[in-house]
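In what follows, a structure is listed as structure tokens, so that the remarks can point back to it.
Labels below follow one simple rule: chain letters A, B, ... track the order of the sequence lines, proteins then strands, and each chain is numbered from 1.
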Amino acid sequence: MESKTREITGPIDLEATLETAQTFCWRRTGDEPLEYTTVVDGEGLRVRETDAGVRFETTGLPRQWVESLLGLDDPLDEIHRKLEHDQRAAEAIDRYGGMRVVSDPFFRCLASFIISANNNVDRIYRSVQELSRRIGTEVEGYGHGFPAPDDVVEAGEERLRNIGLGYRAPYVVESARMIAEDEFDAERVQELPYEEAHEEIQRLHGVGPKVGDCVLLFSLNYTEAVPIDTWMQRAIEDHYPELVGSNYEETAENFRRRFGGYAGYAQNYLFHLVRVEEEAAKPYPEI
DNA sequence: AGCCAGGTAAGTC
DNA sequence: GACTTACATGGC
């Protein structure tokens, strides 16, 4: 079946958006032009960067869903205006202005960030891709989608351990079970104000304050959520010492007060900035 | 060999 | 509540 390509206009930096540990379910399938492929809800999606925005082809995803997945439905100009008063945020916007904040499907986002705990980005990618390849369903020409909660429950803890999730395997299975058995409803969480949603999301196994903030920011559209991992903690200590609180919640709240309702975007820019700087500062590996 | 990686759960006090 | 520790796995 031939699917026609359609276009969405609006500035977007696909590499900065899809390869900076917001989402782990896209594969880069082309370099010039940049092209990424994923499967969502049983439908294939391929996206290419253009001068004006992106061109995409899909087996059946609505256009609006594609926009949402890539974060193209957030008012980027307004967000930039609200963050530019800050020197480092302005610098990051200048360099990575087309970086969006994604709205990933709930369960794959949740599972990815449960797996992210005390882990590194490369291995998170590998684990998520392996989960898809081994348990997820393939869409011809687009690869495998991330498995649904009941597929993960059926696969079970041992299978997930064999895939390499280690001690996080039972967390992923238990959270999947809660969702599959309607003990947890993401859509209902989404109706709550941020503070309540942040408490609620932590009912899931393997979800603490940081992973919870990632899911709220990268899936449930809470642009004020500020995930503080080891990188962000260091960045805040180095560049915003006055915002350091005595615990996670306090630091996050200070950061939120400083940057406002789009604090999550500020977090994302700073996270990317410090990681790029760290990469650049790495000594040339000795032989 | 030992430390670190987008932390959390379970156990103490 | 605040503080400590174990935790799978792989790269360096």
Side-chain angles (χ1 to χ4, degrees), chain A residues 16-26 92 96 99 101-102 104 108-131 134 155-178 184 198-220 222 225-238 244-253 255 263-279 281-287:
Chain A
T17 303
L18 298 180
E19 293 194 46
T20 55
Q22 301 181 49
T23 170
F24 301 89
C25 295
W26 292 79
Y96 315 108
M99 184 170 66
V101 170
V102 301
D104 227 23
R108 79 187 203 183
C109 178
L110 171 69
S112 300
F113 282 101
I114 289 175
I115 292 167
S116 80
N118 196 27
N119 208 341
N120 62 63
V121 171
D122 286 341
R123 223 165 71 83
I124 301 165
Y125 268 108
R126 284 207 303 278
S127 292
V128 170
Q129 297 291 337
E130 267 309 283
L131 270 177
R134 305 262 290 267
E157 177 182 335
E158 274 316 300
R159 187 92 193 283
L160 267 55
R161 280 188 187 272
N162 289 338
I163 290 174
L165 298 202
Y167 66 91
R168 309 174 192 81
Y171 300 163
V172 174
V173 173
E174 170 62 8
S175 286
R177 189 199 60 76
M178 289 176 70
F184 188 91
H198 192 227
E199 266 188 43
E200 191 65 12
I201 196 86
Q202 291 179 59
R203 284 177 42 222
L204 291 163
H205 211 48
V207 179
K210 189 272 173 183
V211 169
D213 270 330
C214 286
V215 177
L216 293 188
L217 179 62
F218 298 131
S219 177
L220 299 184
Y222 287 86
V226 179
I228 301 176
D229 68 322
T230 52
W231 294 87
M232 278 303 294
Q233 181 66 32
R234 280 200 301 271
I236 294 172
E237 287 169 2
D238 290 349
V244 174
S246 58
N247 59 36
Y248 182 98
E249 310 292 346
E250 214 176 293
T251 305
E253 183 57 28
F255 195 92
Y265 267 84
Q267 180 277 152
N268 222 36
Y269 280 121
L270 291 173
F271 177 76
H272 191 48
L273 199 60
V274 296
R275 280 180 54 93
V276 169
E277 284 173 357
E278 178 84 4
E279 199 62 35
K282 263 186 194 165
Y284 193 81
E286 293 178 39
I287 305 202

Determine whether a donor-acceptor pair (one donor, one acceptor, N or O, separation below 3.5 Å) exists between the side chain of A:Tyr167 and the base of B:dG7.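 Checked by distance alone, the answer is yes.
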
With no angle test and no hydrogens, is the base of B:dG6 tied to the side chain of A:Gln22 by a donor-acceptor pair under 3.5 Å?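 No pair found.
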
Short heteroatom pairs, N/O only, protein and nucleotides 1-3 of chain C, under 3.5 Å:
none

Suppose we screen for salt bridge (charged side-chain N to carboxylate O under 4.0 Å, His left out). Which residues come up paired with [X], at least two apart in sequence or across chains?
X        : result
A:Asp104 : A:Arg108
A:Arg159 : none
A:Arg126 : none
A:Glu253 : A:Arg256, A:Arg257

Just jot down the side-chain contact (heavy atoms from CB on, under 4.5 Å) partners of [X], sequence neighbours excluded, or say none.
X        : result
A:Val121 : A:Ala21, A:Phe24, A:Tyr125, A:Arg275
A:Val274 : A:Arg88, A:Trp231, A:Ala235
A:Ser219 : A:Phe106, A:Cys109, A:Val215
A:His205 : A:Tyr171, A:Glu174, A:Ser175

Using a heavy-atom cut-off of 4.0 Å across all strands, would you classify [X] as base, sugar-phosphate, or nothing?
X        : answer
A:Thr20  : base
A:Leu217 : nothing
A:Tyr171 : sugar-phosphate
A:Gln202 : nothing

Could you tell me how far [M] sits from [N] if I compare only their [atom1] atoms? Round to whole Å.
N      : M     : atom1 : result
B:dC4  : C:dC7 : C1'   : 14 Å
C:dC12 : B:dG6 : P     : 13 Å
B:dA10 : C:dA8 : P     : 13 Å
B:dC3  : C:dA6 : P     : 13 Å

Whole angstroms only, please: what is the [atom1]-[atom2] distance between [X] and [N]?
X        : N     : atom1 : atom2 : value
A:Leu204 : B:dG7 : CG    : P     : 18 Å
A:Met232 : B:dA5 : CE    : P     : 15 Å
A:Ile114 : B:dT8 : CD1   : P     : 10 Å
A:Gln233 : B:dC4 : CD    : P     : 15 Å
A:Lys210 : B:dT8 : NZ    : P     : 7 Å

Could you check whether any side-chain N or O of A:His198 sits under 3.5 Å from a backbone N or O of A:Pro209, counting only pairs where one atom can act as donor and the other as acceptor?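 It does hold such a pair.
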
Please check this pair: side chain of A:Gln22 against backbone of A:Val102, looking for a donor-acceptor N/O pair closer than 3.5 Å.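 Judged by distance alone, yes, a pair lies under 3.5 Å.
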
Given B:dA10, B:dG7, B:dA5, the nucleotide with the shortest approach to the side chain of A:Arg234: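 It is B:dA5.
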
If you check the A:Pro227 side chain, which of B:dA9, B:dG6, B:dT8 turns out closest?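 Per side-chain heavy atoms of A:Pro227, the pick is B:dG6.
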
Assess the residue pair A:Asp213 and A:Tyr248 against the criterion (side-chain hydrogen bond (donor to acceptor under 3.5 Å, both in side chains)); give the C-alpha distance rounded to whole Å, side-chain angles, the decisive distance to 0.1 Å, and a yes or no. CA-CA 11 Å; A:Asp213 270 330; A:Tyr248 182 98; 2.7 Å; yes

Which residue lies more 5' along DNA chain B, comparing A:Gly208 with A:Arg168 via nearest heavy atoms: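 The answer here is A:Arg168.
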
Give a yes or no on whether A:Glu199 atom CD has more than 12 heavy-atom contacts from other residues, nucleotides or ligands under 6.0 Å away.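 No, the 6.0 Å shell around CD holds no more than 12 heavy atoms from other groups.
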
Which of residues 116-130 of chain A sit near DNA chain B, with a heavy atom under 4.0 Å from it?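 Listed by number, they are A:Ser116, A:Ala117, A:Asn118, A:Asn119, A:Asn120, A:Val121.
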
Which residues within residues 158-166 of chain A lie with some heavy atom under 4.0 Å of an atom in DNA chain B?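 Of all residues in residues 158-166 of chain A, none places a heavy atom under 4.0 Å from DNA chain B.
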
Once salt bridge (Lys or Arg N to Asp or Glu O under 4.0 Å) is applied, what residue pairs with a partner in residues 228-237 of chain A remain, sequence neighbours excluded?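 Pairs touching residues 228-237 of chain A that pass the test: none.
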
Using the six-membered base ring of B:dG6, report whether A:Phe113 stacks on it, requiring centroids under 5.5 Å and planes under 30° apart.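 A:Phe113 vs B:dG6: stacking no.
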
